[in-house]
Amino acid sequence: MTPPGPDDPAPASEAMSEESAAPAPLSHAERLWRIRHSCAHVMAQAVQEIFPEAKLAIGPPISDGFYYDFDLPRPLTPDDLEEIEERMKRVVKGNHEFRTWEVPREEALTYFRERGQDYKIELIEDLGEESVRFYQQDTFVDLCAGPHVRRTGELKAFKLLKVAGAYWRGDSDRPMLQRIYGTAWKNKTDLAAHLEQLEEAKKRDHRKLGRELDLFSFHPESPGAPFWHPRGWQVYRELRRLWSELHDEAGYVEICNPLIYNKSLFEKSGHWEHYNEDMFKLESEGETFCLKPMNCPDTMLYYKTRRHSYRELPLRVSEGQHLHRNELSGALNGLFRVRQFAQDDAHIFVTEEQIESEISNVIKLIDRLYGLFGLSYRVFLSTRPEKFMGDPALWDRAEADLASAIEANGLEHRVKEGDGAFYGPKIDFEVTDSLGRKWQCATIQLDFQLPLRFELTYTDRDNQPRTPIVIHRALFGSFERFIGILIEHVAGAFPTWLAPVQLMLLPINDACAPACHEAAASLRTAGVRVEVDDRSEKLGYKIRESELRKVPWMAVVGHKELESGLFSVRSWQHGDQGSMSLDALTTMLSERIRERAFDVELQTIAWSEDEDEDVLETAPSY
RNA sequence: GCCCACGUAGCUCAGCGGUAGAGCACUUCCUUGGUAAGGAAGAGGUCACGGGUUCAAGUCCCGUCGUGGGCUCCA
């Protein structure tokens with residue numbers, strides 16, 4: 001059959017509406033998926049009305065919304081978005097039916113050839129099916145597997161958000177298209193909640209807070225490398241201290257290796273072949289050196305400095321040196337994507353039998369760590385990919401060990417089939433922050449290959465050399481990125497133990513300042529980070545300043561306090577806390593600090609995340 | 001790297017061909033004040049950098065650097 005033109009809807013006998021096709025009740029996720037997918041089509045119609053010569057690429061639903069890629073004669077402006085949105089609303093008002101029908105491959109190709117829709121042609125050719133499916137609403141026809149909502153009138157709540165460049169099929173050698181992103185929900189309430197969440201995210205952007213709270217800065221002289229200011233570095237130091245304590249307790253040893261290596265090291269590890277482009281390189285005396293992009297190869301060198309017995313394993317070696325990766329300039333993003341950073345890295349050398357228990361140990365460490373920050377997380381197990389190295393039987397056993405280590409810790413996990421690295425399976429931890437955003441932080445990766453490449457051995461019970469297995473693992477991921485996540489998670493208001501300044505003493509007038517300095521000295525001895533705001537300003541002014549700096553605790557000291565010996569304590573979150581002796585105040589603070597109490601009330605925003613998180617998994621695969 | 005946008009005082013921004021502006025922050029002085037901004041004065045900018053157009057360029061054009069949004073969540 002010939003696909004119907006805009007004024008020639010498909011014959012009723014051949015056209016099928018979703019109404020008759022899908023009698024089963026839809027899950028919430030499925031409905032959202034359809035709404036978003038349908039919005040993409042309506043948007044494409046609007047764009048095509050404005051630019052009849054527009055070439056359409058793809059327009060799928062994504063989490064929170066949808067996008068569509070277009071090849072257009074000129075760049076889009078924000079005004080264009082408004083017009084497109086207006087036109088979309090008109091289509092919605094028309095309450096047009098979504099119709100669908102099968103089209104034989106050749107006819108579909110002819111249809112799109114006549115219209116110069118090169119990308120659609122390529123899609124059909126790549127599909128390699130005998131027939132494809134068309135969808136139509138109002139005047140707009142598109143190649144699409146569907147399904148969609150029944151009528152455009154069901155698209156009640158959407159908003160176009162931004163225009164971005166996107167390569168056709170994500171390939172930098174192919175044309176750059178213009179992508180319009182939109183968000184769509186089942187009703188206006190959900191849409192408003194989502195927009196509010198976006199607003200809130202903007203407010204607590206770590207780059208903005210980093211400047212406002214004087215934590216760090218970036219400079220063109222070293223793009224992608226954070227300059228840590230005293231307050232930000234204090235947070236960094238505190239996290240490092242925590243990290244060292246946890247690892248000392250857990251039986252790790254820490255080493256400190258060089259930053260610069262002859263490229264031969266990376267030839268041996270295989271990075272030179274695969275990672276070359278991402279490394280910073282230096283020349284010296286005719287030799288090529290690289291700033292190390294990861295700690296594994298040089299940790300292997302450490303292992304090889306002497307012979308090892310099976311009695312030493314598991315050998316847990318941590319290293320937190322700075323790493324450099326020459327990330328694409330356009331990929332840099334605050335603390336989230338930097339060129340210089342430190343991973344809280346460790347490599348554990350184990351025997352095959354030790355995998356399960358050692359993985360379990362790492363999981364416990366991660367669980368303990370995240371608990372300190374009020375972060376919940378999910379666990380993913382990635383299994384053997386199609387292209388892999390090593391013994392399949394070893395893979396199978398290792399995967400089973402990883403799964404049972406997860407279960408032994410009472411955790412649930414999802415399997416990402418075939419998503420492991422070629423050198424071994426892995427477990428990823430994805431934390432959810434207070435705004436419901438997900439971040440992949442901790443990772444545990446088994447490596448069967450690196451020990452072989454470096455010819456690592458240990459001497460087993462029977463006096464025979466055996467090859468150990470290496471476990472790569474990081475808990476925070478990188479300190480830089482984790483601090484960025486943390487800043488946004490707590491909106492800049494750190495728990496007491498992490499706060500750059502934990503207590504601000506506020507003398508009511510100049511006469512009370514000396515007493516404050518005395519108290520400050522005593523508090524510092526007790527390990528409290530305290531400052532005295534002894535400027536000749538009014539109390540209200542100083543309080544405001546400390547509030548804006550998100551200092552968790554303040555103590556007002558005036559004549560009253562000096563006479564009674566009781567300080568007026570105020571907390572950042574809850575205001576006036578009544579009076580307290582210096583001793584009691586010191587005890588209260590040092591307890592919180594010692595326990596690393598998460599004394600932060602997270603301000604969360606309602607979002608429908610749990611309802612749509614399975615959208616992609618339950619959706620048809622094409 | 002690529003597409004688009006942006007770059008004016010430390011920060012947030014106004015100015016968009018005709019002699020650089022505001023608020024906050026900063027400095028000095030007055031004020032010694034009790035739970036989120038006391039008052040006055042002052043200092044501070046080659047308008048990112050480099051070219052070009054023009055009698056005249058933060059303002060228009062080109063390039064460079066940086067920043068921001070993105071660049072498979074694949075019909």
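So that the names make sense, note that chain A is the first sequence line, chain B the second, and so on, each numbered from 1.
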Query raised in the report: When you look at V556(A) and R570(A), which way does the side-chain contact (heavy atoms from CB on, under 4.5 Å) test go after all the steps?
Result: CA-CA 8 Å; V556(A) 176; R570(A) 183 188 159 97; 5.5 Å; no
Nearest-angstrom distance from the residue atom [atom1] of [X] to [atom2] of [N]:
X: D510(A); N: G34(B); atom1: CG; atom2: P; result: 13 Å
X: E537(A); N: G34(B); atom1: CD; atom2: C1'; result: 15 Å
X: R339(A); N: U67(B); atom1: CZ; atom2: C1'; result: 13 Å
X: D80(A); N: C4(B); atom1: CG; atom2: P; result: 14 Å
X: R549(A); N: A36(B); atom1: CZ; atom2: C1'; result: 15 Å
X: F98(A); N: A75(B); atom1: CZ; atom2: P; result: 17 Å
X: L177(A); N: C4(B); atom1: CG; atom2: P; result: 13 Å
X: D69(A); N: C2(B); atom1: CG; atom2: C1'; result: 14 Å

Work out how far the [atom1] atom of [N] is from that of [M], and round it to whole angstrom.
N: U53(B); M: A40(B); atom1: P; result: 49 Å
N: C26(B); M: A43(B); atom1: C1'; result: 8 Å
N: C60(B); M: G1(B); atom1: P; result: 25 Å
N: U59(B); M: U54(B); atom1: C1'; result: 13 Å
N: C47(B); M: G7(B); atom1: C1'; result: 10 Å
N: C4(B); M: U64(B); atom1: P; result: 13 Å
N: U27(B); M: G44(B); atom1: C1'; result: 10 Å
N: A22(B); M: G34(B); atom1: C1'; result: 33 Å

Given [options], the nucleotide with the shortest approach to the side chain of [X]:
X: V556(A); options: U35(B), G33(B), A75(B); result: U35(B)
X: I543(A); options: U35(B), C73(B), G33(B); result: U35(B)
X: P220(A); options: G66(B), A75(B), G38(B); result: G66(B)
X: E561(A); options: A75(B), G34(B), U35(B); result: G34(B)
X: L548(A); options: U67(B), A36(B), G33(B); result: A36(B)

Do the side-chain N or O atoms of [X] get closer than 4.0 angstrom to the phosphate oxygens (OP1, OP2) of [N]?
X: R207(A); N: G68(B); answer: yes
X: Y541(A); N: A25(B); answer: yes
X: R74(A); N: C3(B); answer: no

Quick one: does [X]'s side chain get under 4.5 Å of [Y]'s, heavy atoms only?
X: W168(A); Y: D71(A); answer: no
X: L198(A); Y: L161(A); answer: yes
X: Y111(A); Y: F134(A); answer: yes

Counting Watson-Crick and G-U wobble pairs only, both distances under 3.5 Å, name the nucleotide matched with [N], or none.
N: A37(B); answer: none
N: A5(B); answer: U67(B)
N: U54(B); answer: none

Assign the ring pair [X] / [Y] to parallel, tilted or perpendicular, where the plane angle (0 to 90°) is split at 30° and 60°.
X: F280(A); Y: H324(A); value: perpendicular
X: H41(A); Y: Y135(A); value: perpendicular
X: F336(A); Y: H206(A); value: tilted

At under 4.0 Å between heavy atoms, what does [X] touch on the DNA or RNA strands: base, sugar-phosphate, or nothing?
X: P60(A); value: nothing
X: S568(A); value: base
X: K560(A); value: base
X: L506(A); value: nothing
X: G578(A); value: nothing

Query - SB check E531(A) R231(A) (cutoff 4.0 Å) - result: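 Salt bridge between E531(A) and R231(A), a charged N being under 4.0 Å from a carboxylate O: yes.
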**Report entry** Contact nearer the 5' end of RNA chain B, comparing R211(A) with H559(A)
**Finding:**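 Upstream on the strand: R211(A).
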Query - Enclosure of R325(A) CZ (heavy-atom neighbours >12, cutoff 6.0 Å) - result: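 Yes, the 6.0 Å shell around CZ holds more than 12 heavy atoms from other groups.
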Report task. Just label G58(B) as syn or anti from its O4'-C1'-N9-C4 or O4'-C1'-N1-C2 angle, using within 90° of 0 for syn. Result ->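 Base orientation relative to the sugar is syn.
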Query raised in the report: Short question: side chain of R204(A), backbone of E488(A) - any donor-acceptor pair under 3.5 Å?
Result: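 Pair found, side chain donor or acceptor close to backbone of E488(A).
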Which pairs, protein N/O on one side and nucleotides 70-72 of chain B N/O on the other, fall under 3.5 Å?
unit_1	atom_1	unit_2	atom_2	d
G70(B)	OP1	K162(A)	NZ	2.8
G70(B)	O3'	Y181(A)	OH	3.0
G70(B)	O2'	G165(A)	O	3.3
G70(B)	O6	G330(A)	O	3.1
G70(B)	N3	G165(A)	O	3.4
C71(B)	OP1	Y181(A)	OH	2.9
C71(B)	O4'	G165(A)	O	3.2
C71(B)	O2'	Y167(A)	N	3.0

